[in-house]
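FYI, the numbering just counts along the sequence from 1. The basis for the numbers below is simple: all heavy atoms, side chains too, and nothing from hydrogens, waters or symmetry mates.
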Amino acid sequence: MATDMQRLVGTSEDDDEEDMEMDVKEEDDDEEDDMEKHISTPPLVGVDGLIGSCSNNNRFHHPQIHEQGSNPGGGARRSRPLEEKERTKLRERHRRAITARILAGLRRHGNYNLRVRADINDVIAALAREAGWVVLPDGTTFPSRSQGSKPISGTSAAVTPLSSEMVPQQAPLTSLRGISSGYRSPVDYNASRMKGIYVPNSSPYDSSSRGQSQIPSALGDGGEHLNTQALIGGSVESVDAKQIVDVPSKLQERDFAGTPYIPVYVMLPLGVVNVKSELVDPDGLLKQLRILKSLNVDGVTVDCWWGVVEAHAPQEYNWNGYRRLFQMVHELKFKLQVVMSFHECGGNVGDDVCIPLPHWVAEIGRSNPDIFFTDREGRRNPECLSWGIDKERVLRGRTAIEVYFDYMRSFRAEFNEYFEDGLISMIGVGLGPCGELRYPSNPVKNGWRYPGIGEFQCYDQYLLKSLRKAAEARRQTFWARGPDNAGCYNSQPQETGFFCDGGDYDGYFGRFFLKWYSQVLIDHGDRVLALAKLAFDGTCIAAKLSGIYWWYRTASHAAESTGGFYNPSNRDGYAAIAAMLKKHGAALNFTCAQLHMLDQQDFSSALADPDGLAWQVLNAAWDYGIPITSENYLPCDNRVGYNKMLDGAKPLNDPDGRHVLSFTYLRLNSVLMERQNLLEFERFVKRMHGEAVHDLQQ
């Protein structure tokens with residue numbers, strides 16, 4: 001692997017260090033000349049002889065410049081003792097030597113295509129691009145709006161999706177600030193986000209000889225020494241009263257040879273079939289599918305959009321684009337997973353196309369907006385239909401449940417031959433926004449931003465009628481309302497009277513309301529999955545569950561509650577959902593399983609715990625014997641991220657030998673088709689299949 005990387009970038013690690021050392025003397029002299037020339041205003045003497053400037057345009061400030069007298073002409077003149085210049089050169093030489101090692105390590109072990117004489121700007125740009133940002137040649141940086149963006153002209157590397165392990169741009173590359181082992185608390189996670197360093201639990205492929213080593217706290221500002229624990233296979237040097245952690249760049253990996261075979265599917269682009277029900281770029285798609293076939297990928301996954309197929313009139317279905325796609329998949333002998341998508345596409349994370357609900361549904365919504373979810377302020381969310389109309393005949397004489405059932409029956413009749421020959425291996429059933437079983441409690445279009453708790457979505461007339469009936473059944477008619485002290489979309493739990501510690505959520509009314517709110521969610525899933533099981537008899541069906549992991553470490557679990565999961569610290573909110581899935585023989589697709597790869601979120605301030613949530617949900621499913629499917633929540637094209645997904649799919653030392661039923665990779669795009677990414681993906685597929693790989697890092 002190292003030889004291949006050296007050939008790719010045209011240099012070796014030792015050559016990089018030598019080149020960097022040869023450049024030190026020239027660059028030191030240049031920097032000293034700049035220091036001598038750049039004088040914008042007379043210096044101001046501070047404590048201990050330190051100098052500041054009153055000019056806002058001052059580009060350089062050196063803490064060791066001593067006060068000098070002003071010349072008669074009023075100009076300022078600065079000079080330094082010869083020994084101070086020598087000390088500066090030594091410090092700079094040491095710093096550049098460390099930089100050379102970092103750059104060489106990133107080229108060799110991190111798949112970063114850096115130029116031979118790369119500097120710190122190239123490193124930051126590469127990391128930003130890996131995080132999904134666009135970096136222009138002049139340094140202008142802004143976020144990319146879609147996953148898998150194409151390379152920007154003039155950049156040194158392609159714009160790549162978010163990696164699971166990136167170095168925060170604010171942290172110096174020569175030091176690790178406040179790193180601790182694993183993430184037993186959100187603070188631990190937030191502090192330890194660094195490529196090749198973060199250890200979630202005790203993974204055997206992380207930067208430790210045993211997979212359970214402790215990572216120390218390293219640096220504090222100003223050189224103060226923070227609490228340190230055992231260092232993972234590295235050492236600490238002291239340079240100019242600061243500590244520098246020398247971290248080994250080689251990761252250890254689990255050997256998955258002989259482990260259970262897990263099929264790997266690749267999710268097709270969201271707009272592979274356009275709003276006219278036409279297959280987009282069939283020749284280009286066929287070429288990409290053939291490449292996937294050569295990598296021994298088992299199959300593909302595709303969304304069948306309600307807004308495409310039944311777009312113009314009730315019960316007028318146009319499956320043309322999907323029929324052509326399925327024929328192509330059949331010819332390549334792929335398996336096929338199909339998602340019945342009853343929500344709109346556009347406006348959510350990763351959405352790069354816009355596919356609204358059917359036009360005739362939108363027309364009904366203009367005259368009767370209560371068919372959509374509604375918040376306390378009366379704002380409608382047209383992303384999907386309210387569950388309050390599941391049994392209301394407001395859709396041209398049909399209920400929402402009947403509309404979903406007719407759509408699924410039409411699909412089964414249209415593609416029955418593919419069910420009979422086993423081409424279609426699983427049907428995912430859309431149950432809410434983004435196809436997930438949850439309320440649309442955190443819509444970005446209404447101003448929500450992470451880590452807001454969101455808002456309850458039960459204020460359309462149909463859900464309010466259901467709430468009123470539930471209150472009357474309890475003989476508490478004044479409970480027929482939503483909480484009036486639950487905050488707004490971007491509130492935090494402690495800012496509200498309902499979700500704060502000891503708040504109303506745990507009172508009589510709070511428990512009644514939250515139980516009713518979550519039961520509406522469970523009843524909706526129960527009704528739709530019952531009809532899906534009937535329509536797709538003999539084929540596995542699956543429901544997608546969202547992982548709302550922020551504020552998980554609070555007592556009220558506010559963000560989960562507004563999403564429909566009544567899961568406070570004294571109640572298991574996922575057992576009832578697992579029981580409902582078991583009733584219909586449905587698999588669980590839980591997307592939070594890969595959320596520990598997220599590193600742009602502030603877990604500390606949001607008291608978030610993705611692993612804790614995943615552990616609770618997966619164990620609830622396993623307790624009921626429910627098969628689990630998985631997919632990556634974020635784009636991934638590097639070895640560290642693949643290792644984490646493998647470890648989640650095949651838990652280490654599980655006494656029952658449990659593992660996921662299948663894995664879906666999101667998603668097929670031009671970035672995945674790049675040569676280096678294909679090589680890593682092929683390696684990932686082999687290990688999912690339980691095959692041996694020859695370049696395993698031990």
His343/Trp305 aromatic ring centres below 6.0 Å: yes
Sorted by first residue and then second, give each side chain to side chain donor-acceptor pair (under 3.5 Å) pair with at least one member in residues 491-510; sequence neighbours left out. Asn485-Asp504, Gln494-Asp501
Taking the ring centre of each residue, are Tyr439 and Tyr517 less than 6.0 Å apart? yes
Check the side chains of Ser466 and Trp516 for a donor-acceptor pair under 3.5 angstrom, ignoring hydrogens and angles. yes
In terms of side-chain heavy atoms, does Asn589 have a donor or acceptor partner in Glu631 at a distance below 3.5 Å? yes
Any luck finding a side-chain donor-acceptor pair between His312 and Asn318 under 3.5 Å? no
Could you tell me if the ring centre of Phe499 sits under 6.0 Å from that of Trp551? no
Pair Phe513 and Trp479, ring centroids less than 6.0 Å apart: no
Are any non-hydrogen side-chain atoms of Asp460 and Ile371 less than 4.5 angstrom apart? no
Measure centre to centre between the rings of Trp387 and Tyr462, then say whether the value is under 6.0 Å. no
Will you find, in the side chains of Arg393 and Thr399, an N or O donor that is under 3.5 Å from an N or O acceptor? no
Check: Ser630 and Thr664 side chains under 4.5 Å, non-hydrogen atoms: no
From His524 NE2 over to Arg438 CZ, what is the distance, rounded to the nearest 0.5 angstrom? 12.5 Å
When the ring centroid of Tyr265 is compared with that of Phe663, is the distance short of 6.0 Å? no
Between Tyr566, Phe565, Phe590, Trp615, which is the residue that forms a ring-ring contact (aromatic ring centres under 6.0 Å, His included) with Tyr574? Phe565
Do Ser441 and Trp448 pair up side chain to side chain, a donor and an acceptor below 3.5 Å, judged on atom types alone? no
Regarding Arg412 and the six-membered ring of Tyr407, is the cationic atom NZ or CZ under 6.0 Å from the ring centre and inside 45° of its axis? no
